[in-house]
Amino acid sequence: MAIEGFTHLICFAAGHEIIRQGRRDLTLARLTPDLVYDQMVAAGCARKLIFSWLGNPGVGSLHAVRRAIEGGGLELEEYSHFGMVGRYVAGAAHLPFYPLRSYAGSDLPAANPLIQWVASPYAPGDEVAVVPALNPNVTIIHAQRADTEGNVQVWGLVGVQREAALAAERVIAVVEELVETEVIRADPDRTLLPGVAVTAVCVEPYGAHPSFAQGYYDRDNAFYRAWDPISRDPAQLDAWLEEWVRGVPDRAGYLEKLGPETVAALKPKPRPSGSVDYGEYS
Amino acid sequence: MAIEGFTHLICFAAGHEIIRQGRRDLTLARLTPDLVYDQMVAAGCARKLIFSWLGNPGVGSLHAVRRAIEGGGLELEEYSHFGMVGRYVAGAAHLPFYPLRSYAGSDLPAANPLIQWVASPYAPGDEVAVVPALNPNVTIIHAQRADTEGNVQVWGLVGVQREAALAAERVIAVVEELVETEVIRADPDRTLLPGVAVTAVCVEPYGAHPSFAQGYYDRDNAFYRAWDPISRDPAQLDAWLEEWVRGVPDRAGYLEKLGPETVAALKPKPRPSGSVDYGEYS
Amino acid sequence: MSGTPDELMVAAAAAELAGVRTVFVGIGLPNAAAILARRTVAPDLELIYESGVIGARPSRLPDSIGDPALVSGATATMSMHDLFAYFLQGGRIEVGLLGAAQVDRWGNLNTTVIGPYANPAVRLPGSGGACEIALNAARVVVVMSQSPRSFVEHVDFVTSPGHRHPDGRSRPAWAGGGPDTVITQLGVYRFGTDGEMQLTALQPGVDQADIDAASGWPIRRALA
Amino acid sequence: MSGTPDELMVAAAAAELAGVRTVFVGIGLPNAAAILARRTVAPDLELIYESGVIGARPSRLPDSIGDPALVSGATATMSMHDLFAYFLQGGRIEVGLLGAAQVDRWGNLNTTVIGPYANPAVRLPGSGGACEIALNAARVVVVMSQSPRSFVEHVDFVTSPGHRHPDGRSRPAWAGGGPDTVITQLGVYRFGTDGEMQLTALQPGVDQADIDAASGWPIRRALA
């Protein structure tokens, strides 16, 4: 499975619910495992990571993941960012591989035999790196809004959310708010995924905290920094999971613990996109 | 060279200026040559077409192009739509080829030896069709608006405009209107091409007529239908080019001939997209 | 039931879309059929156009598949790359609606040339998206006019592959189901398990002699 | 001129961006350098972030390369696919700014592991976009801290290729120019025509003995 969202719109609500359900032996794909997979690895959910950058952005390491790797308890399948992007693209496009100009002269292909090469039929001797399609059983994405038909809209960074979702057998979209279909249809360019491609929509305001939702709330950089000492100490980490994940029944419980002051402090001032005219043609 | 825009935003202003300049021996790429290339072929600008669908949409044939083909005076290089899309994608991505699931069992590869096959390294016997990169010397696109930094925004159908532009050595964007940079920066998701990827911007209102600009003016379907008898008769066609292209100094002259009533009749009623909030973070 | 030949074809094609969720629509009769189906037998039908539109709600019958009325009020617009790669090739299209100038018994479609490719008697529009629609949609419904020049023993050019190439090659393993139904002004045809076309229904007022007179090979019968 | 080691590196890296139009920015010191450069020596500099932002005008120094302040007011946002495929791989990036835990004389960078890959002493973050930045940017500027553990005879893992792999393989024909400059708290290094690193400038207050003490091989000198 994959929980995607590059820095933006990382669905912690889903990660926490998976921890509460006590899932085990998951293969977790994500470009940047981030805190959400550090927490899931610490909780014992994961057997394997498929990834391209393993850190706490701007802070340092994901200590639970590092301990699991250095202890030999976590299998790794490693790419570069563009390799991971390509895996989802190939998966979404029903192609066996995605070609990219990377890896030549790097030790990554030696570390990961799934990185292969194909010869260009247009230039003798020109070999292009390829990565295989990735088709998660489930992809969970977070988004700003959806309607009851399952049409999902995002603005700001979209990362690999469209490709990761369309590569999956099932797609769960968690959104900040439900809106009328007419709001969606007024601006079809903003639709990341049409309803025909979405299995389920869940409404979970602030479900991406401590990551952010453009226009809704800021990245909680203080929490990302605070995570470093927590994650460094297994006992502290377990206590954190007990208190903030297993100790609350759902996302509403987490938000209540977080408190209205923290939530309010993350709210940005408004900055409207402005409106464009699609025209009414009849 | 390529003048791209799928049904939407076809830059007739550029096509007409190329005819006025008396250009010859051009290789013209476009998914749907449409009336713009029918006119350029009739005017003797073209040596070769690279294309995937050759017709007057909803009407019938491009008669000038058909005459040139049936007379042997125009070289053809033919793909399917997705093959043409893939050629631009590979060109923009500096890849030698683009892989797609098409052409198996079709006679198109026999008609065009540039359509080739590569073997997947992940499944023995699985062959994937590939098309080669296409890198036009110049791509001309039409768009709704740009700023003086060359950032170009489009809404509605984007077709292959981003890929065709980024595949080219030089990119000319013709726009309906110039706006303040702050208008562009208020909604970065709408940017088709950032200024760093654009060689020149020209402001030419109604420059896509008789095709359309979403929210600005409708497709002139009456003109598309009227083109059929004009294009069918070489003498009529030449008279049309004399009157509407060579007989006017520039696009303003064309618009003046078109007249304010035709222009007014193509104006849609407003249908606003609505505004979203990006948030001001500081 | 009566109507013009076009109306008969549109009604029969719309009936094929009953309960369908996603249809990839070409211009002309397919477009009219899809719009009719959504208003009648398939209220949840999402009209998907190769120009980059999903879930169009056109306020008028568009002349082209890239009409502005398809965009305003649609659920999604996207680049042709994303639409062809992730929706069509990605296997999310239940029905592809195609037209053709020629069809053979295996459902191979020609929209490229009449006569030899290098020196055609008539140059037709070519593939557009038809080749990939024929290969990637879960099933293909063809709407076309029937005559001895269109229902032929051998198509002059295979633009969009059917169940078997004239040279004997079969469909690749990754492909969708291919031609499922051919609808003409004379009849409705489906394909046997061996991939050969068979007549399954006559349009109102049509008899076997009309079919025979308009076919370039003796079409197998499988009337209900 | 004086400052902390970080300030020295940021200032030197910003100077490398004079007159540059497009820079692909990593987090940390590269980000600070790019923002400083745009305010000083490169007013037309477009900051491009792998998260999908072009032309960011951040109102604050962001903690991450996907900060919301990079999006609000940017000239363009796009999918990571389009950014990596059409801008980085498409050859539109003049300078890629990278950090690293280890570098060797050929400019090979390691951000993956210290020790063997299968059983690392220290697991580092890995490539992110660095491997493709190193191969596709027109030139690469590296900003890193120098010590005998970071300037090494042999990197433990080549994450991002330099001018020559330790096994002797050269750069592929399609690749960009590769490492151009390495900036540390002690010096500024460039690469000879044979691809070997050479010291071209000392940071203020640094002498040759400091360089020697912080290098795992005798670095060639080419001081102005």
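Scope of the values below: all heavy atoms of this structure, side chains included, with no hydrogens, waters or symmetry mates.
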Colleague: Which of residues 219-228 of chain A get closer than 4.5 angstrom to chain D, counting heavy atoms alone?
Modeller: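 Answer by number: A/Arg219, A/Asn221, A/Arg225.
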Colleague: Checking A/Glu70 side chain against D/Pro120 main chain: does a donor-acceptor pair fall under 3.5 Å?
Modeller: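 No.
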Colleague: Measuring from A/Asp218:CG to D/Asp67:CG, what's the distance to the nearest 0.5 Å?
Modeller: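 Interatomic distance, A/Asp218 CG to D/Asp67 CG, rounded to 0.5 Å: 6.5 Å.
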Colleague: For A/Leu62, is it the side chain, the backbone, both, or neither that has a heavy atom closer than 4.5 Å to a heavy atom of chain D?
Modeller: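 Interface part for A/Leu62: neither.
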Colleague: Which of the residues D/Leu70, D/Val122, D/Asp82, D/Asn110 is involved in the greatest number of heavy-atom pairs with chain A at under 4.5 angstrom?
Modeller: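 Highest number of heavy-atom pairs under 4.5 Å: D/Val122.
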Colleague: How far does CG of D/Asn108 sit from OG of A/Ser106, to the nearest 0.5 angstrom?
Modeller: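 Between D/Asn108 CG and A/Ser106 OG, I get 9.0 Å after rounding to 0.5 Å.
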Colleague: At a heavy-atom separation under 4.5 Å, does A/Asn56 approach chain D through its side chain, its backbone, both, or neither?
Modeller: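 Answer is neither: A/Asn56 stays 4.5 Å or more from chain D.
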Colleague: Quick one: are D/Ser72 and A/Gln214 in side-chain contact, heavy atoms under 4.5 Å?
Modeller: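 The answer is yes; the side chains approach within 4.5 Å.
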Colleague: Classify the side-chain pair D/Ser127/A/Glu78 by whether it contains a donor and acceptor separated by less than 3.5 Å.
Modeller: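 On atom types as modelled, these side chains do not qualify, holding no pair under 3.5 Å.
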Colleague: Below 4.5 Å from any heavy atom of chain D, which atoms of A/Leu31 appear? Answer side chain, backbone, both or neither.
Modeller: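 Side chain only.
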Colleague: Begin from the C-alpha positions of D/Trp174 and A/Asp126 and carry the test side chain to side chain contact (heavy atoms under 4.5 Å, CB included) through to its verdict.
Modeller: CA-CA 9 Å; D/Trp174 50 261; A/Asp126 186 7; 4.2 Å; yes
Colleague: Is there side-chain contact between D/Glu50 and A/Trp53, with at least one heavy-atom pair below 4.5 Å?
Modeller: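 The answer is no; the side chains never approach within 4.5 Å.
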Colleague: Of all the heavy-atom pairs spanning D/His81 and A/Tyr98, show the shortest one and how long it is.
Modeller: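 Residues D/His81 and A/Tyr98, closest heavy atoms: NE2-OH, 3.1 Å.
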Colleague: Side chain from CB out, backbone as N, CA, C, O: work out which of these in A/Phe51 comes under 4.5 Å of a heavy atom of chain D, or both, or neither.
Modeller: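 Answer is side chain: those atoms of A/Phe51 sit under 4.5 Å from chain D.
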Colleague: Measuring from A/Leu157:CG to D/Met78:CE, what's the distance to the nearest 0.5 Å?
Modeller: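 Going from CG on A/Leu157 over to CE on D/Met78, the span is 11.5 Å.
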Colleague: If the contact rule is any heavy atom under 4.5 Å from chain A, which residues of residues 83-106 of chain D qualify, in numerical order?
Modeller: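 Residues D/Phe84, D/Ala85, D/Gln89 are the ones that qualify, each having a heavy atom under 4.5 Å from chain A.
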Colleague: How long is the span from the CG atom in A/Leu54 to the OG1 atom in D/Thr112, to the nearest 0.5 Å?
Modeller: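 One finds 10.5 Å between CG of A/Leu54 and OG1 of D/Thr112.
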Colleague: Taking every non-hydrogen pair under 4.5 Å, which of D/Cys131, D/Pro68, D/Gly52 racks up the most with chain A?
Modeller: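 Looking at each of D/Cys131, D/Pro68, D/Gly52 in turn, D/Pro68 comes out on top.
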Colleague: Give me the contact list for residues 137-151 of chain D versus chain A, heavy atoms only, anything under 4.5 Å, ordered by residue number.
Modeller: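 Heavy-atom contacts from residues 137-151 of chain D to chain A are absent.
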Colleague: Strictly distance-based, threshold 3.5 Å: is any side-chain N or O of D/Glu132 a donor or acceptor partner for the main-chain N or O of A/Phe82?
Modeller: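 Answer holds: yes.
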Colleague: Answer with side chain, backbone, both or neither: which region of A/Tyr216 has an atom nearer than 4.5 Å to a non-hydrogen atom of chain D?
Modeller: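 Neither; nothing under 4.5 Å.
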Colleague: For residues A/Val65 and D/Arg123, determine if any side-chain heavy atom of one lies less than 4.5 Å from a side-chain heavy atom of the other.
Modeller: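 A side-chain contact under 4.5 Å is absent here.
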Colleague: Please identify which of these residues, A/Gln161, A/Glu163, A/Arg162, meets the side chain to side chain contact (heavy atoms under 4.5 Å, CB included) condition with D/Ser79.
Modeller: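 Result: among A/Gln161, A/Glu163, A/Arg162, A/Glu163 is the only option passing the side chain to side chain contact (heavy atoms under 4.5 Å, CB included) with D/Ser79.
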Colleague: Which of residues 152-168 of chain D have a heavy atom under 4.5 Å from any heavy atom of chain A?
Modeller: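 Residues of residues 152-168 of chain D touching chain A at under 4.5 Å: D/Phe157, D/Val158, D/Thr159, D/Pro161, D/His165.
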Colleague: Over all heavy atoms of both residues, which pair between D/Asn136 and A/Arg101 is shortest? Give the atoms and the distance, please.
Modeller: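 Residues D/Asn136 and A/Arg101, closest heavy atoms: ND2-O, 2.9 Å.
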Colleague: Enter the distance from A/Leu76:CG to D/Tyr117:OH here, rounded to the nearest 0.5 Å.
Modeller: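 With rounding to 0.5 Å, CG (A/Leu76) is 5.5 Å from OH (D/Tyr117).
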Colleague: Could you tell me whether D/Arg39 atom CZ has more than 12 heavy atoms of other residues or ligands within 6.0 Å of it?
Modeller: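 Open.
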